[in-house]
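One structure below.
Remember, predicted model here, so these are calculated numbers, not experimental data. Hydrogens, waters and symmetry mates are skipped; everything else that's a heavy atom, side chains included, is used.
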Amino acid sequence: MFQHGIFLFRLAGIPVHLDLSFLLILPLWALYIGRNLPHYFALLGLPQDPRLLQGPYPFLLGLLAATGLFLSVLLHEVGHALAARRYGVATRRITLWLLGGVAQMERIPREPMKELVIALAGPLVSLLLFLLFRALPWEAGALGFLGRYLALVNLGLALFNLLPALPLDGGRVYRALLALRKPYLQATRQAVALSQALAWALGLFGLLVLNPLLVLMAFFVYMASRADAEATLLAQALEGLKVKDLMTPNPIVLPPALPVEEALALRHKVSGFPVEAEGRLLGVVGLEGLEGANPLDPVARHLLPPLLLSPEEDALTALERMAERGYARALVVEGDRLLGVLSKTDLLRAFQVRLLGLSYLDRPKGPE
């Protein structure tokens, strides 16, 4: 999710992208606000202004309010990103999408106090924006509406994100507090259990009040909390492992002139091969990419650019790089020398082996 989108700009050095779903929700939200302006004026304690209820003004005012909402979400996510940067964690991108914004960090620190600070940074930014908009002097008209609307929105952002459900900030706060006194994996599982219970409650409430947005948010919380648990388990299973520990050394190397039919005959051994000519690495060929090719073609016609890894690179980082770029395998090199091949199968095998021992990591330790 969120690997694609429209690049907008960089903010504090962080790329900001726009998911295509945002282009759907923004005009719809603007239209909703514009059609309900009288109710908003009453809710915010503002005098009704007939001039703002005629012609294109309701939609334009709704568009400004909706844009302000998403800019507030963006600043909320920047708060997380800057707090993470303080601990040496980079943010790959911030993406605005249907349900708000997501800051995609390289990793979530498993040190409880660091996760706590990063999680609280976003709601703190929203609370500061609430105070700022509340302090504005405008008491009526379009500016009065925008100021009070954005104050209410930022207060809502802060409070909603503090719900104790992953991946919301409150869920990360809850997990960090649990992890202060119990193993991180156990804290994650407990936080996920609460997250999924809240997701069910939110979804049922959304059905009762016929609010599809609440149902969609409940589904997102449920699925994202499961993904968070899986990512945490994977990170712990691969902790401390390097690429060199998992790679297949001395792989079969194909010459570029080898016919496709002969490469396919090697299917029983592995599913992909590096291709070299006179000691020079040309690329990689996957057998799945040779299906349907002319059997007499040289494999050089079906080369793919390789993903190169260092043998000292963390196994989890390597897996993330492979997933981001859609690679099923990567070549491990040191200088110009090919050392081995790392595939997702190697990573999965290591995960399964180490998973057997992880069930003991989150159990309270008894007396020796």
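Listed by first and then second residue, the ring-ring contact (aromatic ring centres under 6.0 Å, His included) pairs that reach into residues 115-158 are Y40-Y149, F41-F145, F145-Y149, sequence neighbours excluded. Listed by first then second residue, pairs satisfying salt bridge (charged side-chain N to carboxylate O under 4.0 Å, His left out) with a partner in residues 25-36 number zero, not counting sequence neighbours. Sorted by first then second residue, the ring-ring contact (aromatic ring centres under 6.0 Å, His included) pairs that include residues 160-183, not counting sequence neighbours, number zero. Every pair passing salt bridge (charged side-chain N to carboxylate O under 4.0 Å, His left out) that includes a residue from residues 206-229 is listed here, sequence neighbours excluded: R172-D228, R175-D228.
Annotation: side chain of P251 is in contact with side chain of L338 (closest heavy-atom distance under 4.5 Å). At least one side-chain heavy atom of L308 sits under 4.5 Å from a side-chain heavy atom of L281. Side-chain contact check for M247 versus S343: every heavy-atom pair is 4.5 Å or farther apart. Looking at L157 and L129, their side chains never come closer than 4.5 Å, going by heavy atoms from C-beta outward. Two residues are said to be in side-chain contact when any heavy atoms from C-beta on lie closer than 4.5 Å; L304 and V285 fail this criterion. Looking at S126 and N161, their side chains never come closer than 4.5 Å, going by heavy atoms from C-beta outward. Looking at L166 and L194, their side chains never come closer than 4.5 Å, going by heavy atoms from C-beta outward. Within the 4.5 Å cutoff, the side chain of E77 has no heavy atoms near those of the T95 side chain.
With rounding to the nearest 0.5 angstrom, the CZ atom of R189 is 14.5 Å from the OG atom of S195. Going from atom CD of E115 over to atom CG of L177 covers 9.5 Å, rounded to the nearest 0.5 Å. Note: L31 CG to N36 CG = 9.0 Å, rounded to the nearest 0.5 Å. The structure places CG of L155 at 9.0 Å from CG of L131, a figure rounded to the nearest 0.5 Å. Note: L163 CG to L168 CG = 6.5 Å, rounded to the nearest 0.5 Å. The distance from atom CG of L82 to atom CD1 of I14, rounded to the nearest 0.5 Å, is 5.5 Å.
Applying the salt bridge (charged side-chain N to carboxylate O under 4.0 Å, His left out) test to D245 and every residue at least two apart in sequence or in another chain returns nothing. By the side-chain contact (heavy atoms from CB on, under 4.5 Å) test, A277 is found to be paired with P256, L282, residues two or more places apart in sequence or in another chain being considered. Residues passing the salt bridge (charged side-chain N to carboxylate O under 4.0 Å, His left out) test with R92 are E320, E324, sequence neighbours excluded. Qualifying salt bridge (charged side-chain N to carboxylate O under 4.0 Å, His left out) partners for E276, counting only residues two or more places apart in sequence or in other chains: none.
What you find for G45 and R148 is that their closest heavy atoms are O-NH1, 3.6 Å. Here the closest non-hydrogen pair linking P15 and T91 is CD-O, 4.5 Å. Annotation for A165 and V221: closest pair CB-CG1, 4.0 Å, computed over non-hydrogen atoms. The two residues V173 and A119 come nearest to each other via the heavy atoms CG2-CB, 3.8 Å. Between A229 and V192, the shortest heavy-atom distance links the atoms CB-CG2, 3.6 Å. For the pair Y184 and A179, the tightest heavy-atom approach, listed with the atom from each and the gap, is CD1-CB, 3.9 Å.
A continuous path of Ile, Leu, Val, Met, Phe, Trp and Tyr side chains, each step under 4.5 Å between heavy atoms, connects L20 with I94, placing both in one hydrophobic cluster. Residues W97 and L26 are members of one and the same hydrophobic cluster, defined by side-chain heavy-atom contacts under 4.5 angstrom among Ile, Leu, Val, Met, Phe, Trp and Tyr. Following chains of ILVMFWY side-chain contacts shorter than 4.5 Å, one can reach M105 starting from V117, so the two form part of one hydrophobic cluster. In the hydrophobic clustering of this structure, L159 groups with L127; members are Ile, Leu, Val, Met, Phe, Trp, Tyr whose side-chain heavy atoms approach within less than 4.5 Å, directly or through other members. In the hydrophobic clustering of this structure, V125 groups with V73; members are Ile, Leu, Val, Met, Phe, Trp, Tyr whose side-chain heavy atoms approach within less than 4.5 Å, directly or through other members.
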Residues 310-318, side-chain donor-acceptor partners within the protein, below 3.5 Å, at least two apart:
from, atom 1, to, atom 2, distance (Å)
S310, OG, E312, N, 3.2
E312, OE2, K244, NZ, 2.9
E313, OE1, R321, NH1, 3.1
E313, OE2, R321, NH1, 3.1
D314, OD1, K242, NZ, 3.2

Listed pairs under 3.5 Å, donor-acceptor, residues 61-72 side chains, sequence neighbours left out:
from, atom 1, to, atom 2, distance (Å)
T67, OG1, L63, O, 2.7
S72, OG, G68, O, 2.9
S72, OG, N154, ND2, 3.1

For residues 83-90, run the donor-acceptor check on the side chains, cut-off 3.5 Å, and write out each pair with its distance to 0.1 Å, sequence neighbours left out.
from, atom 1, to, atom 2, distance (Å)
R85, NH1, A12, O, 3.3
R85, NH2, A12, O, 2.5

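Aromatic ring orientation, W29 versus Y32: parallel (interplanar angle below 30°, classes split at 30° and 60°).
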Please test L331 against V341 for side-chain contact (heavy atoms from CB on, under 4.5 Å), starting from the C-alpha separation and ending with a verdict. CA-CA 5 Å; L331 304 184; V341 173; 3.8 Å; yes
Between L214 and V209, does the side-chain contact (heavy atoms from CB on, under 4.5 Å) criterion hold? Intermediate values first, please. CA-CA 9 Å; L214 288 180; V209 299; 4.3 Å; yes
Take D169 and H80, measure what side-chain contact (heavy atoms from CB on, under 4.5 Å) needs, and give me the verdict at the end. CA-CA 9 Å; D169 304 330; H80 290 307; 3.0 Å; yes
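Here Y57 sits alone; no ILVMFWY side chain lies under 4.5 Å from its own, so it joins no hydrophobic cluster.
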